[in-house]
Each structure stands twice: as structure tokens, then as C-alpha cells.
Amino acid sequence: IDPLLIPPPTGPAVRADEYEEFPRLPRSELLPEPPSNQDPNRTGAAPTSRPLLLDELLASVDRSYPPLLILRAERGVAGGELLSSYGIFDLGLEASARNWVLGAYRRTIQDVMFTQFTPTNGTKLFAGYRVAQGKFPSYYGYDQTLEGGEFGVGFDQPLLRDRLIDAKRAKLLQLQLERRKVEPEVMRGRIEFFREATNAYLEWLAAAYRFRVRETLLQVAQERQKALVRQAELGLIAQNYDIPDNQRVILTRQASLVKE
């Protein structure tokens with residue numbers, strides 16, 4: 001199982017409306033009405049908006065956040081290079097045909113050879129078949145075979161040089177290390193992107209709560225203004241102190257609400 005494909009946490013979801021004891025107040029008259037959630041081409045269409053959950057946000061980041069996709073693409077590139085490097089251990093085939101059609105020694109040599117490199121001590125295995133026909137000079141007698149040809153098997157074993165390590169195995173080891181190095185980088189990036197997304201979500205949620213608190217404070221000040229005006233009409237308080245001071249409070253809270 002790829003540890004980078006572990007789904008995001010499925011614990012208690014954070015909702016913007018989870019605290020039902022907080023009173024929902026009418027929207028401020030200073031702000032425009034939100035856009036309608038209904039399709040204008042449909043009559044009586046039900047609203048389609050709903051709270052955005054944190055696990056949905058993290059799933060979206062995990063699925064389609066470009067920097068995270070780039071890290072995973074780099075992991076795929078490293079894996080492809082590593083897979084390609086294992087080609088040095090693929091079974092190899094070598095074939096040749098040599099013909100001498102002129103001169104006194106007209107002859108033909110055909111051979112085919114299978115080779116297999118192994119990761120153990122630089123050993124190479126081989127097996128093949130060779131057939132030679134025609135007239136051979138005495139000094140090329142080693143090229144001659146019987147009429148049915150000859151088979152050969154064997155191995156090459158380095159004794160000192162290239163026994164413990166060679167260029168091919170060193171390249172393979174290097175690519176293995178590169179592939180392993182990519183995994184922590186992808187995991188670290190995924191965790192970092194999740195942290196940033198979670199912080200942004202909580203900041204957005206906190207901003208919504210601050211807005212509601214300030215909207216409530218503004219409503220309280222407006223209600224108090226009505227009560228002060230009524231008390232002033234009844235002669236219970238002076239009009240030149242409490243009412244202007246509360247009007248200042250209302251303007252301050254209106255400005256704070258707009259700023260939020």
C-alpha cells in the first residue's frame with residue numbers, strides 16, 4: 001500500500017454552524033444580500049449550498065493541489081529511472097553471421113548467444129550456439145565446428161576489478177537512493193500542504209465567528225439607542241450625553257463590521 005495514498009483524517013468534522021447556542025441574527029443592513037442559491041431557470045429550486053467540511057478540503061488538496069501533484073510526478077520520474085536501470089539485468093541476445101565468399105577458403109560462421117548479468121559479484125552467465133561451414137585455413141582451425149554446430153555455456157567471474165562494485169551497479173544503487181529520498185519529500189510536502197490548508201480553513205472559520213460577534217454587538221448598540229431615545233423622550237435622561245455617545249459606539253461597530 002502506498003503510504004502517500006492514505007486518506008485524510010475522518011475525525012469529527014469542523015463545521016461553521018456547530019455551535020447552535022450562538023444566536024443567528026439578521027444580516028446587517030450595511031452589507032449586500034448574498035447571491036441566491038436557486039437556479040433562475042427553475043421554479044422553487046432548493047438551495048444547494050452547505051457547510052464546507054475540513055475533511056472535504058483536505059481531500060481536495062490531496063487530489064488536485066498542483067504543488068502536491070508536482071511532488072508526486074517527481075516521485076514517478078524517479079521510479080521510472082530506477083525501473084529503467086534494472087534493464088542491465090535483462091536477458092540479452094547477441095547474434096552474428098560472417099561470410100567469406102572470395103578466395104580459396106570460402107566459409108560461413110553463424111552464432112547466437114544469450115547473456116545474463118547478475119547482481120552477485122559481477123557474474124555474467126552466457127549460453128549459445130555456433131555453426132561453421134566451408135573450408136578453413138589451419139591457423140583458423142578453432143573456428144571450425146562439427147556439421148551440426150556446437151553449444152556452449154559458461155560464466156564470467158571478475159576476481160578483483162568490478163567484483164564488488166562496477167559502473168552499472170553503482171548507477172543502480174545511486175538511483176535507488178534517489179528514489180528513497182523522494183518519498184520523505186513527498187510525505188513532508190503533503191503534511192505541510194495539509195497544515196496550510198487547515199490553518200486557512202480555521203482562519204476563515206474564525207473570521208466568520210468574528211463577523212457574527214460584531215454583528216451582534218452592533219445590534220445590541222442599535223437596540224440600546226432606541227431605548228435611550230425613548231428614555232430621553234420620557235425625560236429620564238439627558239439627550240446631550242448618552243445618546244451621542246451611543247451613536248459613536250454604533251458608528252465604531254459599523255466600521256468594524258465593514259472592515260471584517
Quiz item: According to the interplanar angle, ranging from 0 to 90°, do the rings of Y142 and Y140 count as parallel (below 30°), tilted (30 to 60°) or perpendicular (above 60°)?
Solution: perpendicular
Quiz prompt | Side-chain heavy-atom pair Q133, E147 within 4.5 angstrom cut-off | solution = no
Exercise. Answer yes if F136 and V131 sit in the same cluster of Ile, Leu, Val, Met, Phe, Trp and Tyr residues linked by side chain heavy atoms under 4.5 Å apart, and no otherwise.
Key: no
Practice problem: Applying salt bridge (charged side-chain N to carboxylate O under 4.0 Å, His left out), run through K181 and E178 and close with a yes or a no. | Solution: CA-CA 5 Å; K181 184 179 70 173; E178 290 293 333; 3.3 Å; yes
Quiz item: Out of curiosity, D62 CG to L57 CG, how far, rounded to the nearest 0.5 Å?
Solution: 11.0 Å
Quiz item: Is the shortest heavy-atom distance from the side chain of F155 to the side chain of T118 under 4.5 Å?
Solution: no
Exercise. Please name all residues satisfying side chain to side chain donor-acceptor pair (under 3.5 Å) with R106, sequence neighbours left out, ordered by chain then number.
Key: none
Exercise. Answer with yes or no whether the hydrophobic clustering places I165 together with L177; edges join I, L, V, M, F, W, Y residues whose side-chain heavy atoms lie under 4.5 Å apart.
Key: no
Self-check item: Under 3.5 Å donor-acceptor, R179 side chain and L175 backbone
Solution: no
Quiz item: What about L52 and V61, same hydrophobic cluster or not, with Ile/Leu/Val/Met/Phe/Trp/Tyr joined at side-chain heavy-atom distances under 4.5 Å?
Solution: yes
Quiz item: Between CG of D242 and CG of L228, what distance do you get to the nearest 0.5 Å?
Solution: 5.5 Å
Quiz prompt | Heavy-atom donor-acceptor pair, N121 side chain to Q157 backbone, under 3.5 Å | solution = no
Exercise. Output yes when E215 and R212 qualify as a salt bridge under the 4.0 Å nitrogen-oxygen rule, no when they do not.
Key: no
Self-check item: Test log, rule side chain to side chain contact (heavy atoms under 4.5 Å, CB included), inputs L54 and Y201
Solution: CA-CA 7 Å; L54 179 57; Y201 180 87; 3.9 Å; yes
Quiz item: So, the side chain of T198 versus the backbone of F194: is there a donor-acceptor pair under 3.5 Å, distance only?
Solution: yes
Practice problem: Inspect the surroundings of CG in L234 and state if more than 12 heavy atoms from other residues, nucleotides or ligands are less than 6.0 Å away. | Solution: yes
Quiz item: Does L58 share a hydrophobic cluster with L202, counting links as ILVMFWY side-chain heavy atoms below 4.5 Å and allowing steps through other members?
Solution: yes
Quiz prompt | Minimum heavy-atom distance F126-D156, with the two atoms named | solution = CE2-OD1, 3.9 Å
Quiz item: Out of curiosity, D143 CG to W100 CH2, how far, rounded to the nearest 0.5 Å?
Solution: 6.5 Å
Quiz item: For the atom pair CG (L218) and CD (E223), what is the distance rounded to the nearest 0.5 Å?
Solution: 10.0 Å
Practice problem: State whether the side chain of Q110 and the backbone N or O of R130 hold a donor-acceptor pair below 3.5 Å, judged by distance alone. | Solution: no
Quiz item: Do other residues, nucleotides or ligands put more than 12 heavy atoms under 6.0 Å from the CG atom of L93?
Solution: yes
Self-check item: Worked check of side chain to side chain contact (heavy atoms under 4.5 Å, CB included) between L71 and R75
Solution: CA-CA 6 Å; L71 288 179; R75 180 182 61 182; over 6 Å; no
Quiz item: P158 and G122: which non-hydrogen atoms are nearest, and at how many Å?
Solution: CD-O, 3.3 Å
Quiz item: With a 4.5 Å limit on heavy-atom distance, are the side chains of Q222 and Q254 in contact?
Solution: yes
Quiz prompt | F114 and E94, any side-chain heavy atoms less than 4.5 Å apart | solution = no
Quiz prompt | Test: D162 and R169 ion pair at under 4.0 Å | solution = no
Quiz item: Would a 4.5 Å heavy-atom cut-off, applied to side chains only, mark R107 and K135 as touching?
Solution: no
Quiz item: Linking I/L/V/M/F/W/Y whenever their side-chain heavy atoms sit closer than 4.5 Å, directly or via other members, would F211 and I250 fall into one cluster?
Solution: yes
Self-check item: Spacing of CG belonging to D111 relative to CZ belonging to R98, to within rounding of 0.5 Å
Solution: 5.5 Å
Exercise. May I ask you to test the R72-R190 pair for a side-chain heavy-atom distance under 4.5 Å?
Key: yes
Quiz item: If you measure from OG on S85 to CD on Q176, what distance do you get to the nearest 0.5 Å?
Solution: 7.0 Å
Quiz item: So do the side chains of K226 and V229 get within less than 4.5 Å of each other, counting heavy atoms only?
Solution: no
Quiz item: Do you know which two heavy atoms are closest between T145 and A132, and how far apart they sit?
Solution: OG1-N, 2.9 Å
Quiz item: How about L172 and L82: do any of their side-chain heavy atoms sit closer than 4.5 Å?
Solution: yes
Self-check item: Over all atoms of both residues, closest heavy-atom pair of T123 and L125
Solution: CG2-CD2, 4.1 Å
Practice problem: Spell out, as yes or no, whether a donor-acceptor pair under 3.5 Å connects the side chain of S60 to the backbone of E56. | Solution: no
Exercise. Classify the ring geometry between F193 and Y65 as parallel (under 30°), tilted (30 to 60°) or perpendicular (over 60°).
Key: perpendicular
Quiz item: Is any NZ, NE, NH1 or NH2 atom of the basic residue among R188 and E185 found under 4.0 Å from an Asp or Glu carboxylate oxygen of the other?
Solution: no
Quiz item: More than 12 non-hydrogen atoms from neighbouring residues, nucleotides or ligands closer than 6.0 Å to CZ on R161, yes or no?
Solution: no
Quiz item: When Q225 is tested against each of I243, V249, V220 for side chain to side chain contact (heavy atoms under 4.5 Å, CB included), which residue passes?
Solution: I243
